[in-house]
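Below is one structure, written out as structure tokens; comments come after it.
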Amino acid sequence: MSSPQPKPRVGVGVFLLKGNKLLLGRRRTAVGRGTFALPGGHLEFGQRSLFFFSDDDSDTAHFHSLELKRRNWESFEACAAREVKEETGLDITGIEFMMVTNNVVSEPKPVQLIAVLMRAALADSDQAPINLEPEKCDGWDWYDWNDLPQPLFGPLETAIGRGLNPFMSN
């Protein structure tokens, strides 16, 4: 009897910006252990958004988030705010869509990660991140965009490799 086929996991990651710095934490979970990642987490059942694809005749495809005005449906923006608050204690504002990445990680077990990447700023610039999930993250710190720590978590590395710069306009 064969084991069930792995299913893709959808997550939301947040480029949280402060000046020319980006908030990152070192992962402690099995997938991506030891890599630096954005705050974020899995889109859970009942916390859904629809997104649709458009092509405006340019070389870049665009995804758009559509918030549903229906009970038990959460937009990507709301998921981003919730995850950042749960992991860091920070309140964020100006949340906007940046990119979707698609990564397959083989260790410790195969998993396909669909990452919806958002950008945001601190609601209050005097806030400081707190590590509210120490079993999942070694801690949070601000890193200069031009001097990011290594290694980076797969979806973040993919986004940067595709030319994403969260400090530039979409």
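In what follows, every heavy atom counts, from backbone to side chain, and hydrogens, waters and symmetry copies are set aside.
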Distance-only donor-acceptor hits, side chain of residues 153-168, under 3.5 Å, sequence neighbours excluded:
{"unit_1": "T158", "atom_1": "OG1", "unit_2": "N103", "atom_2": "ND2", "d": "2.7"}
{"unit_1": "T158", "atom_1": "OG1", "unit_2": "G154", "atom_2": "O", "d": "3.0"}
{"unit_1": "R162", "atom_1": "NH1", "unit_2": "V100", "atom_2": "O", "d": "3.1"}
{"unit_1": "N165", "atom_1": "OD1", "unit_2": "F167", "atom_2": "N", "d": "2.8"}

Hits for side-chain contact (heavy atoms from CB on, under 4.5 Å) against D124, two or more places apart or cross-chain, chain-then-number order -> D126, Q127
Is it true that L38 and M99 fall in one hydrophobic cluster, defined by side-chain heavy atoms closer than 4.5 Å? yes
Under the 3.5 angstrom rule, does the side chain of T35 hit a backbone N or O of G32 as a donor-acceptor pair? yes
Answer whether the closest heavy-atom distance between the side chains of M118 and E96 falls below 4.5 Å. no
Tell me whether R27 contacts the main-chain N or O of V31 through its side chain, where contact means a donor paired with an acceptor under 3.5 Å. yes
Output, in order, the C-alpha distance, side-chain angles, deciding distance and verdict of side chain to side chain contact (heavy atoms under 4.5 Å, CB included) for D91 and L122. CA-CA 6 Å; D91 294 311; L122 292 171; over 6 Å; no
Report whether L152 and W145 are members of the same hydrophobic cluster (ILVMFWY, side-chain heavy atoms less than 4.5 Å apart, transitive linking). yes
For residues 132-141, which side-chain N or O atoms pair as donor and acceptor with protein atoms under 3.5 Å away, sequence neighbours left out?
{"unit_1": "D138", "atom_1": "OD1", "unit_2": "R28", "atom_2": "NE", "d": "3.3"}
{"unit_1": "W140", "atom_1": "NE1", "unit_2": "E87", "atom_2": "O", "d": "3.3"}

Would L117 and F97 satisfy side chain to side chain contact (heavy atoms under 4.5 Å, CB included), going step by step from the backbone distance to the final call? CA-CA 6 Å; L117 302 177; F97 173 82; over 6 Å; no
Closest approach of A78 and S75, non-hydrogen atoms and distance? N-OG, 3.0 Å
Quickly, which of C79, P39, P129 forms a side-chain contact (heavy atoms from CB on, under 4.5 Å) with V84? Name it, please. P39
Compile the donor-acceptor pairs under 3.5 Å between side chains in residues 6-26 and protein atoms, sequence neighbours left out, one pair per line.
{"unit_1": "N20", "atom_1": "ND2", "unit_2": "D144", "atom_2": "OD2", "d": "2.9"}
{"unit_1": "R26", "atom_1": "NH1", "unit_2": "G34", "atom_2": "O", "d": "3.0"}

How does the hydrophobic cluster around V104 look, that is, which other residues are in it when side-chain heavy atoms under 4.5 Å mark a link? none
Restricting to non-hydrogen atoms, name the atom on I92 and the atom on A120 that form the minimum distance, rounded to 0.1 Å. CD1-CB, 3.8 Å
